[in-house]
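Numbers here simply count residues along the sequence, with the first being 1. The analysis underlying the following values was restricted to heavy atoms, covering all of them including side chains, and did not include hydrogens, waters or symmetry mates.
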Amino acid sequence: MNLFSKLQKNPEWILISILVLFHLIVRFILLSKSLLVIDSYAIPDDAYLCLTIARNIADGKGFLYGDSFTNGFQPLYVFIMAPVFLLLKGDLIAPIYISLIFLNIVSLFSLYLVFSLIKFLFNDIWSAFLVSLFYIFTPVIIRNTSNGMETSVSFFFFLLLFYVFYKYMQTDLSNISSKKMFFFGVLSGAGILARFDILIAVACIAMYFLCCVKKTSLNLDIKRLLFFVLGIILVYSPWMLLSYIYTGDIYHISGKSVQKQADSLLKMSTNYLPVYINITYKSVRQIILNYWCIGIYSLVLAFMLKSVYKSSISKTGYLRKHIVLITTSALMFLSYTYYIKAFWYFDRYLFPLLVIFLILTGYFVHLILSNTANHKTKRIFLFVSAIVIIGLNVLRPNFYRYFYKSDFPENGYYRIGNWVSQNFDSNTVVGSLQTGALAYFAKDVKIINLDGVVNKESYDAVKNSKLMDYIRSKKIEYVVGWNLNYDFIKYSSDNFKEDDLILIKKIEGIKSYDYDWYLYKVNYR
């Protein structure tokens, strides 16, 4: 039997092959762009923070950033990238491309998990196929899985955890062995290493095992949970130990820093809305802007089910089956919106919420297909849906502008990093709030981080409103930043005087996300 005949008898692999082909085409087009263009579309400054720390680990400097050690990074991705810098010493560009290729390979595995999860939940390869098209073509997903940092890796583990969890739910949970619980704990520990917020998902799953499993033996339940926790500890505790040895801290400094920055920026804002209304608006707006295509498609299907098929939609059954995922998504939304509040990161912080939207869409597609007896009608629905899903996304302005227009603006962080590299010698001390690209490209210049994301001393200075004093204590000669960064330094410094930072010039021709860069000289009077 030839390969074609085998594929004809196994349509699932035809669908998976089509999905893989679409994914490879989209990502090949992305990676074929110049670094300046990719940098402007997908790579935030924090990606260069990760890569700089990975390079320092490869150089034998440990968790060094600037002149101090830090734990302000998600360790798994940084540890994976460190050997790349060991092999490519001195090369600045190749490691960035390698990171993007690696993250897109991880995204390909996530695509397979999306397909497998929807297929498993609804026993329907066609629902899985249509839902997977959203994963391939939605612009925010392309950007988040190609951003040069840990987002693609952490999303893969988030999907994998819930895929395994749903598999376990299909069996009698009280019969899950301690060995399987240990394995699940190891998987959970790796997920938390990928990104700390996966701890929310792990905690919700653990509570479900503890509270919702039919009690056969309390001792057995406790034993299983202990094996689960043991698996987590085995994987995650070495990082906690290293973090404490290097920094004297266990909790990521980056989390505390962005929370402080968000509080300050919201208070500095000229928006007259109360803070919590303002931050709710920013969070909900980000979700709508990123995923409105999925929402519109699902609403149309729900309308068809009610008006055309007269089919009932089981709300309680859906909620009950997915209560752990719904709870996890709600807690992530609440944590990032009302605790961290770093609204400029919301499109990647809230990225895991995508999973519940995809499952809901798969549920509606499955109901439509289940209620359609005519095979021709099914084929028409599938064909039209595929065209609509692809069309809704590829015609969106941010997709169209990036993939089709030749004059995509060079609007990222690459050029400001190069500018600092070319305009300061190794004896100069430069401070900035956004130091990722500066430290990465200007590796011989002493760069001091001022927002505290990777610098506990500057975080303490911001917290105590002593940032200008800290700048002088570190003998920083120049500050490079946006007007917004200048305002933040002013806001975070008691007794700030207008001539503490003397404007030298606007750095012409270089913008990041439409913000101009300015060069200031520190006034030591």
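Between the side chains of Tyr345 and Asp46, a donor-acceptor pair is found at a separation under 3.5 Å. Using a 3.5 Å distance cut-off with no hydrogens or angles, the side chains of Thr337 and Tyr276 do not pair a donor with an acceptor. Using modelled atom types and a 3.5 Å distance limit, the side chains of Tyr338 and Ser283 yield no donor-acceptor pair. Checked by atom type, the side-chain pair Tyr65/Thr435 shows a donor-acceptor distance below 3.5 Å. In summary, the side chains of Asn483 and Asp516 do not present any donor paired with an acceptor at a separation below 3.5 Å, with no hydrogens or angles considered.
Here OG1 of Thr70 is found 5.5 Å from CD1 of Ile53. Values are rounded to the nearest 0.5 Å. In this structure, Phe488 CZ and Met268 CE are separated by 7.5 Å, a value rounded to the nearest 0.5 Å. Put simply, CD1 on Ile141 and OG on Ser107 are 8.5 Å apart, with the number rounded to the nearest 0.5 Å. Here the straight-line distance linking atom OG of Ser132 with atom CG of Leu111 works out to 5.0 Å at 0.5 Å rounding. Interatomic distance, CZ of Phe22 versus CD1 of Ile390, reported as 4.5 Å (0.5 Å rounding). Here the CG-OG distance, from Leu392 to Ser385, works out to 10.5 Å after rounding to the nearest 0.5 Å.
The aromatic rings of Phe162 and Phe165 stand perpendicular to each other, their planes meeting at an angle above 60°, with 30° marking the opposite boundary. Using bins of under 30°, 30° to 60° and over 60° for the plane-to-plane angle, the ring pair Phe357/Tyr291 lands in the tilted bin. Ring planes of Tyr513 and Tyr413: tilted class, angle from 30 to 60°.
Within the structure, salt bridge (charged side-chain N to carboxylate O under 4.0 Å, His left out) contacts touching residues 449-458 (residues at least two apart or in different chains) are Lys456-Asp460, Glu457-Lys474. For residues 137-163, the set of pairs meeting the salt bridge (charged side-chain N to carboxylate O under 4.0 Å, His left out) definition, not counting sequence neighbours, comprises Arg143-Asp347, Glu150-Arg195. Identified under the salt bridge (charged side-chain N to carboxylate O under 4.0 Å, His left out) test for residues 18-45, with sequence neighbours left out: none.
With a 6.0 Å radius and a threshold of 12 heavy atoms from other residues, nucleotides or ligands, Phe120 has its CZ atom above the threshold. Within 6.0 Å of CH2 in Trp126 there are 12 or fewer heavy atoms belonging to other residues, nucleotides or ligands. Residue Tyr112 qualifies as open at atom OH: its count of foreign heavy atoms under 6.0 Å is 12 or below. In Tyr491, the OH atom is crowded: over 12 heavy atoms of neighbouring residues, nucleotides or ligands sit closer than 6.0 Å. A 6.0 Å sphere centred on NZ of Lys256 holds more than 12 heavy atoms belonging to other residues, nucleotides or ligands. Under a cut-off of 6.0 angstrom, the local environment of NZ in Lys180 is sparse, with at most 12 non-hydrogen atoms contributed by other residues, nucleotides or ligands. The environment of CZ in Phe109 is sparse: at most 12 heavy-atom neighbours from other residues, nucleotides or ligands sit within 6.0 Å.
In terms of modelled atom types and a separation under 3.5 Å, the side chain of Ser188 and the main chain of Ile232 share no donor-acceptor contact. The main-chain N or O of Pro409 is found under 3.5 Å from a side-chain atom of Ser40 such that the two form a donor-acceptor pair. Between the side chain of Arg348 and the backbone N or O of Thr151, no donor-acceptor pair lies under 3.5 Å. Panel note: side chain Ser432, backbone Val479; no donor-acceptor pair is recorded below 3.5 Å. Looking only at distances, a side-chain donor or acceptor of Ser458 sits under 3.5 Å from a matching main-chain atom of Asn455. Under a 3.5 Å cut-off, the side chain of Ser257 and the backbone N or O of Ser254 do not form any donor-acceptor pair. Under the 3.5 Å distance criterion, the side-chain polar atoms of Tyr339 are left unmatched by any main-chain donor or acceptor of Gln259. At distances below 3.5 Å, not a single donor-acceptor pair connects side-chain atoms of Asn71 with backbone N or O atoms of Ser243. A donor-acceptor pair under 3.5 Å links the side-chain atoms of Gln74 to the main chain of Phe196, judged by distance alone. Ser492 contributes no side-chain N or O that, together with a main-chain N or O of Val462, makes up a donor-acceptor pair within less than 3.5 Å.
Annotation: Phe364 is not in aromatic contact with Tyr297 [ring centroid separation under 6.0 Å not met]. You'll find the ring centres of Trp239 and Phe63 inside the 6.0 Å limit. A distance of 6.0 Å or more separates the ring centres of Phe158 and Phe351. Checked against a 6.0 Å centroid threshold, the rings of Phe441 and Tyr414 count as neighbours.
Looking at heavy atoms from C-beta onward, Leu331 lies in side-chain contact with Cys204 at the 4.5 angstrom threshold.
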- Message: Run the side chain to side chain contact (heavy atoms under 4.5 Å, CB included) test on Leu354 and Thr138 for me, step by step, so that the C-alpha distance in whole Å, both residues' side-chain angles and the decisive distance to 0.1 Å come before the verdict.
- Response: CA-CA 11 Å; Leu354 167 70; Thr138 301; over 6 Å; no
